[in-house]
Amino acid sequence: MKTTELLRKDIMIMDLQATTKEAVIDEMIRSLHKNGVVQDAEEFKEAILNREAQSSTGLGDGIAMPHAKIKAVNEPAVLFAKSTKGVEYESLDGQPAYLFFMIAVPEGANDTHLQTLASLSKLLIDPDFVGQLKQANSPDEVHQLFNQSEEDDTESPADTMVDTDSTKPFIVAVTACPTGIAHTYMAEDALKKKAAEMNVDIRVETNGSDGAKNRLTDEEIARADAVIVAASKKVEMARFNGKRVLERPVADGIKKTEELITKAVNHDAAVYHAQESAVSSDNEEKQKSSVLNTVYKDLMNGISHMLPFVIGGGILLAISFLFESILGSDSEIFLFLNEVGGNAFNFLIPIFAGFIAMSIADRPGLMPGMVGGLIAVQSEAGFIGGLVAGFLAGYIVVLLKRGLRGLPRALDGLKPILLYPVLGLFFTGLLMYFVFGPIFAGLNHVMVEFLQNLGTGNAVILGALLGGMMAIDMGGPFNKAAYAFSIGIFTDTGDGSLMAAVMAGGMVPPLAIAFASTFFKNKFNENERKSGVTNYVMGISFITEGAIPFAAADPLRVIGSSVLGAAIAGGLTQFWNSAIPAPHGGIFVIPLAENPLFFLLSLAIGTVVSAVLLGLWKKPAVGQGK
């Protein structure tokens, strides 16, 4: 099949009128829908935007290739569009885009279509060809250029088999993008051409939508000097165990080929170890990032398993206080709810520590981690002591696993049922009981005393900081850090003032989006307004994640306005001495709060500030007017 059979003249736009990225996408989709290529324009746009959210398809050098493979497409086609003024498209080089290729592929596209799209993609890394396209003024000229390129397409160094000349450096590579339509093959061709220029032999495997092609053999991997993985999706990595591996986004395979090949030839890459959870990286900075990611994963494993105890126990405790205020402390209902909720709370720190340790050392880490957490509770080392106990127990068991490798194989069965539990518990208990327990008990007492003696001004600052953190990443590390800190203070002291700050801060982003989409309708398209309504429910329920789709589409404006409003709400809760004796529940636990009306006023002020700022700051949606 010829490229021009997919690059149809009747759908081309030779004078694109749009001036923004989303408007460009909308204008091209309208042409596809009008000409029967796409049957459901909204579904196709959603797929296009999902692909853009993973990484921009603005390749640089004035080219953008938005694409999607979805059932809403009737037949495969490529729409060519040209802008004379250029459009800011969030391109990789930061420059405007002038040439646009919107690729629409149905889910059942055959191999011929995909190969044709691959050939089209490869042509676009040729600067001379791109320059000629920019000068084309009609669909006929565009077709003529592609026809001529196909006729002139003779075997080049990029297409030849690997030279077996042992004097040349030899590297292997894998390219893959999320949809496997365009970037995969552009990266392949760019790496081949640059390697030929640099006198380097290379073999490239593509992981496109039609599966892996030109699959690397074990022999090729074994004799390669290094491996380049230019991929924005998961690829099979275990086969590269022990090799030097550069892992980069697929876009780097297109735009930073010389840098990648130079690093590979110079062995400037870390050795990949398949059995380790951290991903190998090509520089010290990435290695640090990988360590931090691993620590964060372990911490989140503890928090996620602890949360049911926090929420269930905390809310029952809060309800028990409500009954105590009505029926008295001798009430059977109060005593029942207080004891059940209190029992759940007694598990918090041991569960937290145990599952941190389990994330690090698998099941053998669970028991010593939980006991270490219990020692932290009994020694009054508190939440921080439990955190230390979890990591301590996990890494003690990891060290035991390594230290006991040399034992006879006949003793392997004793390790998980005898050696790991006994030795892991002994060393964890020893260090927690005599060293870390007393240390962190002292630090915990100092911190609690400091917080209890905070003046109003300092309390407002702390509340604003925690409230703002809840809105920075809406469920990510900053959000979880603020929430975990407040839970720690709550479990250690029973003081719910900081819980009020984080709850207000976490409720502001979805509520602000809901109000902004209601009162600034021209700033949101129809789908966003529908989603905005659901954020009313998520906001009052303290589910910050409802704002994430809006933040992903417009991060600066949505996150910026959310952080400001959340910080104001968090600070005001402390200014008005509001406190919530429950770690979750949103609007449904407000009756349990101290100064509940002031909590609601704090939340309302923060929400209004965020909503108005977002409504004024956000640009009008395409087709909605100003």
Side-chain angles (χ1 to χ4, degrees), residues 55-56 58-61 63 91-95 121-128 130 156-177 182-207 214-217 219-233 235-237 239-274 278-290:
S55 63
S56 175
L59 303 176
D61 296 328
I63 300 173
S91 297
L92 301 177
D93 60 1
Q95 299 301 310
S121 302
K122 293 175 182 180
L123 287 173
L124 298 180
I125 65 170
D126 182 347
D128 293 334
V130 171
S156 65
D159 298 313
T160 57
M161 297 298 290
V162 174
D163 190 339
T164 56
D165 183 353
S166 61
T167 62
K168 288 184 180 181
F170 174 56
I171 58 177
V172 294
V174 180
T175 63
C177 76
H183 294 58
T184 301
Y185 305 105
M186 296 179 77
E188 174 201 18
D189 216 42
L191 286 167
K192 286 180 176 180
K193 288 183 176 179
K194 183 56 67 175
E197 291 175 15
M198 297 172 66
N199 199 32
V200 173
D201 286 337
I202 190 170
R203 271 273 287 121
V204 183
E205 173 187 308
T206 57
N207 273 243
N214 303 317
R215 188 171 179 82
L216 301 174
T217 67
E219 188 273 332
E220 287 169 335
I221 295 171
R223 72 182 179 92
D225 296 303
V227 180
I228 297 172
V229 178
S232 297
K233 70 175 183 179
V235 298
E236 185 184 340
M237 294 294 295
R239 53 189 165 154
F240 303 134
N241 185 42
K243 301 295 295 186
R244 293 190 177 275
V245 178
L246 281 164
E247 288 190 78
R248 294 289 187 86
V250 67
D252 285 3
I254 302 171
K255 307 303 296 182
K256 298 182 180 180
T257 49
E258 185 170 359
E259 175 191 336
L260 296 183
I261 293 172
T262 300
K263 283 180 173 287
V265 170
N266 293 335
H267 296 171
D268 185 10
V271 176
Y272 180 81
H273 297 290
V279 177
S280 295
S281 55
D282 61 318
N283 54 51
E284 200 172 307
E285 200 172 294
K286 282 193 173 183
Q287 289 175 353
K288 290 179 181 177
S289 174
S290 181

So, the side chain of Arg203 versus the backbone of Val172: is there a donor-acceptor pair under 3.5 Å, distance only? no
To the nearest 0.5 Å, how far apart are CD1 in Ile221 and NZ in Lys243? 8.5 Å
Glu236 CD to Arg215 CZ distance, which is reported to the nearest 0.5 Å: 4.5 Å
Any donor-acceptor pair under 3.5 Å from Asp225 side chain to Ile171 backbone: no
Would you call Glu197-Lys193 a salt bridge at under 4.0 Å N-O? no
CG on Leu246 to CD1 on Ile261, rounded to 0.5 Å: 10.5 Å
From Thr262 atom OG1 to Asp268 atom CG, the distance as rounded to the nearest 0.5 Å: 9.5 Å
Rounded to the nearest 0.5 Å, how far apart are CG of Asn214 and CD of Glu188? 6.0 Å
Among Asn207, Ile228, Leu191, side chain to side chain contact (heavy atoms under 4.5 Å, CB included) partner for Thr175: Leu191
Met198 and Val265: side chain to side chain contact (heavy atoms under 4.5 Å, CB included), yes or no, with the steps? CA-CA 10 Å; Met198 297 172 66; Val265 170; 5.8 Å; no
Give a yes or no on this: more than 12 heavy atoms of other residues, nucleotides or ligands lie within 6.0 Å of atom NZ of Lys256. no
Tell me the closest heavy-atom pair linking Pro169 and Val200, and the distance in Å. O-CG1, 3.7 Å
Give me the atom names and distance for the closest heavy-atom approach of Phe170 to Arg223. CD2-NH1, 3.5 Å
In this structure, CD of Glu205 is separated from CZ of Arg239 (nearest 0.5 Å) by 4.0 Å
Side chain to side chain contact (heavy atoms under 4.5 Å, CB included) between Val227 and Tyr272, intermediate numbers included: CA-CA 10 Å; Val227 180; Tyr272 180 81; over 6 Å; no
State, to 0.1 Å, how close Ile254 and Thr257 come at their nearest heavy-atom pair, and which atoms those are. O-CG2, 4.0 Å
What are the two closest non-hydrogen atoms of Ala230 and Gly253, and how far apart are they? CB-CA, 4.0 Å
